[in-house]
Amino acid sequence: PEDRLRLALRRLDEAIGEQSLATAGLRDAIGDLSRTMSRLGDSVTGYRGALDSTAAEIERALAAARRLEVTASRMVV
């Protein structure tokens, strides 16, 4: 019975060691995911800024085109 108990304890100790390694790996993976998500957030913020800037440029170009259209219509009359 004592040998069986020792064997069971040794196996339990090995399992706990493996679980500890797996937990450390999971923590590393979660850290990697967190850093990746942070970089993705930064990229999305930059992309949103670029879209906002492009939208403003389009609005300015549209306003200029409308002014030119008004000017052209005055010249035709």
Would you be so kind as to tabulate the donor-acceptor pairs closer than 3.5 Å made by side chains of residues 1-21, with sequence neighbours excluded?
from: Glu2; atom 1: OE1; to: Arg6; atom 2: NH2; distance (Å): 2.7
from: Asp3; atom 1: OD1; to: Arg6; atom 2: NH1; distance (Å): 3.4

Exercise. Take atom CD of Glu57 as the centre, draw a 6.0 Å sphere, and report whether it contains more than 12 heavy atoms from other residues, nucleotides or ligands.
Key: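 It does: Glu57 CD has more than 12 such atoms within range.
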Self-check item: Gap separating the CG atom of Asp28 from the CG atom of Leu33, nearest 0.5 angstrom
Solution: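 Going from CG on Asp28 over to CG on Leu33, the span is 12.5 Å.
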Quiz prompt | From CG (Asp32) to CE (Met37), nearest 0.5 Å | solution =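 Between atom CG of Asp32 and atom CE of Met37 there are 13.5 Å.
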Exercise. Determine yes or no for a side-chain-to-main-chain donor-acceptor pair under 3.5 angstrom, with Ser38 supplying the side chain and Ser34 the backbone.
Key: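 Side chain of Ser38 to backbone of Ser34, a donor-acceptor pair under 3.5 Å: no, none is there.
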